[in-house]
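In listed order, ligands and their atoms are each counted from 1.
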Amino acid sequence: MIFARRTTAPSPERIARLIGLGSYLPPRKVSNADLMSRLDTTDEWIRTRIGIAERRIAGPATATSDLAVEAGLRAMKSAKAEHVDAVVLATATPDHHVPGTAPLVAHRLGLRQVPAFDIGAGCSGFVFATTVAAGLIHAGTAGTVLVIGAEKMSAVIDPADRSTAPIFGDGAGAVVLTTGRADEPGALGPAAWGSDGEHADAIHIPDGGSRRPSHTTGDLKNQYVHMKGNEVFRHAVRRIAQVTQESATAAGWAVQDIDRLIVHQANARISAAVAGKLGIPPERVPSNITHVGNTSAASIPLLLSHSALDGQLKAGQRVLVTSFGAGFTWAATTLLWPAGLQALA
Ligand code: UT7
């Protein structure tokens, strides 16, 4: 079987450079004990099988765009940028099917008529969006781009499904990328990415799209995420390890050179298995899943933001971000951590 895999190779004179980082979590915490009051589950099972103690859940009046605006504002403030040339928003939970969520976010950020569009690549969405944004910069189409990953997963998770409800949470993170040189701090390296639609039904929402419009079906359960957890787990470990290796090789790094591996926060056991497979010591693999759960496309920028604030990301470190999600999709990219970057949360 042939798997689609492409690796971009930016010109060293016009690559994307990280200059701003921000994140936002809705204030309401939902603990495992809260879930135990309505689900047949235990705190111990959720902690040991997934690594989560609590997640943030947005209120009914909050949509994905509201989370995205908060993260976008913080990233632009962090970058000291008043304007950007484009907004790329990764989400699996857009406010509406139509229109895209990014134009609304750009409007609310006061960015006038900049091009703004959504990217849907499941939990890999943020790294896909970053790769597309880096391509815009590389091609000279945009000089500075705001890239956001935002999700209101609670809108598509069945609160009565114990195989998904403990896992997912809401939140948003964002970065600002601008034109730079390959040897500059903050420089993004080449990306490795791919997909395999053979496993499209491993994580999916059966109804509500053009295949089965919601007005033609009666089963509300089919408007929630359905996930084959074991199958996803197995593929996630293999693909994340593989795409991490590909991204490191494309950057001219050995896996041992990676100072910090920023892995999509799907399950603490997935991150540990990937690190073990690659021989990366656990202290080089930061994590925030215990407190935020799996926030899908928001996971990577939230972890970057929290790790920067915790002092786990330091100037000059070789950082590799790597992800896997519905589709299946997978993507990874390298960067040299910039000096003086103040993350805002
Ligand atoms: O972001 C990308 C997308 N998502 C992922 O990457 C998620 C990948 N998958 C996973 O993280 C894991 O597969 C899950 C966390 C979803 C499930 O963990 P698992 O270790 O694969 O559990 P399992 O489905 O194999 O179930 C093991 C046992 C079963 O009981 P028996 O048959 O062994 O008696 C389940 O019924 O655990 C039971 N179980 C639960 N028990 C308490 C399943 N869910 C729960 C629960 N609480 N919430």
S.K.: Which residues pass the side chain to side chain contact (heavy atoms under 4.5 Å, CB included) test with Ser299, sequence neighbours left out?
M.R.: His264, Gln265, Thr295

S.K.: Apply the test salt bridge (charged side-chain N to carboxylate O under 4.0 Å, His left out) to residues Arg162 and Asp40: give CA-CA distance (whole Å), side-chain angles for both, the deciding distance (0.1 Å), then the verdict.
M.R.: CA-CA 7 Å; Arg162 73 172 186 167; Asp40 179 16; 3.6 Å; yes

S.K.: Ion pair present between Asp158 and Lys221, side-chain N to carboxylate O less than 4.0 angstrom?
M.R.: yes

S.K.: Suppose we screen for side chain to side chain contact (heavy atoms under 4.5 Å, CB included). Which residues come up paired with Lys314, at least two apart in sequence or across chains?
M.R.: Gln317

S.K.: Using a distance-only test with no angle check, is there a side-chain donor-acceptor pair under 3.5 angstrom linking Ser296 and Glu151?
M.R.: yes

S.K.: With salt bridge (charged side-chain N to carboxylate O under 4.0 Å, His left out) as the rule and sequence neighbours excluded, what pairs involving residues 106-122 come up?
M.R.: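 Listed once each, the pairs are Asp66-Arg108.
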
S.K.: So which residues, sorted by chain and number, lie with a heavy atom under 4.0 Å of ligand 1?
M.R.: Asp40, Thr41, Trp45, Arg49, Ile50, Cys123, Arg162, Pro166, Ile167, Ile203, Met227, Gly229, Asn230, Val232, Phe233, His264, Ala266, Asn267, Arg269, Ile270, Asn294, Phe324

